[in-house]
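These values consider heavy atoms only, across backbone and side chains, with no hydrogens, waters or symmetry-generated copies. Position 1 is the first residue of the sequence, and the numbers go up from there.
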Amino acid sequence: MAAKKTFIYVYSVTLTNGKHCVDLTYKGTFSQVLKKAKFACPVGWFIRDIVSVSIVLKSV
């Protein structure tokens, strides 16, 4: 039986407060990454962009 393959998505998230930018990297689905980024975003900062950087094929 062939091994099942799943995709792991890697996203780059940029947080900014108008003066400074911070880049974070997360793995997961877009909605999981959005939830993690919102949790990591301090008061006065906002999510500038979320970009998919890679898709990794993983054997299960």
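Taking both residues in full, the closest heavy atoms of N17 and G44 are given as CB-O, 3.6 Å, listed atom of the first, atom of the second, then distance. Shortest non-hydrogen contact noted between S12 and V53 is N-CG2, 3.8 Å.
Ring geometry, Y11 versus F30: the interplanar angle exceeds 60°, so the pair is classed perpendicular (tilted spans 30 to 60°).
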Original post:
Passes side chain to side chain contact (heavy atoms under 4.5 Å, CB included), F46 versus L15? Steps please.
Top reply: CA-CA 6 Å; F46 62 93; L15 304 180; over 6 Å; no

**OP:** Go through Y9 and V33 one step at a time and tell me if the side chain to side chain contact (heavy atoms under 4.5 Å, CB included) criterion holds.
**Re:** CA-CA 10 Å; Y9 296 91; V33 168; over 6 Å; no

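Using a distance-only test at 3.5 Å, with no hydrogens or angles considered, a donor-acceptor pair links the side chain of K36 to the main chain of K27.
A continuous path of ILVMFWY side-chain contacts below 4.5 Å connects L34 to F7, so both sit in one hydrophobic cluster. Cluster annotation: I55 and I50 are assigned to the same hydrophobic cluster (Ile/Leu/Val/Met/Phe/Trp/Tyr, side-chain heavy-atom contacts under 4.5 Å, transitive).
To the nearest 0.5 Å, the span separating CZ on R48 from CG on D23 amounts to 7.5 Å.
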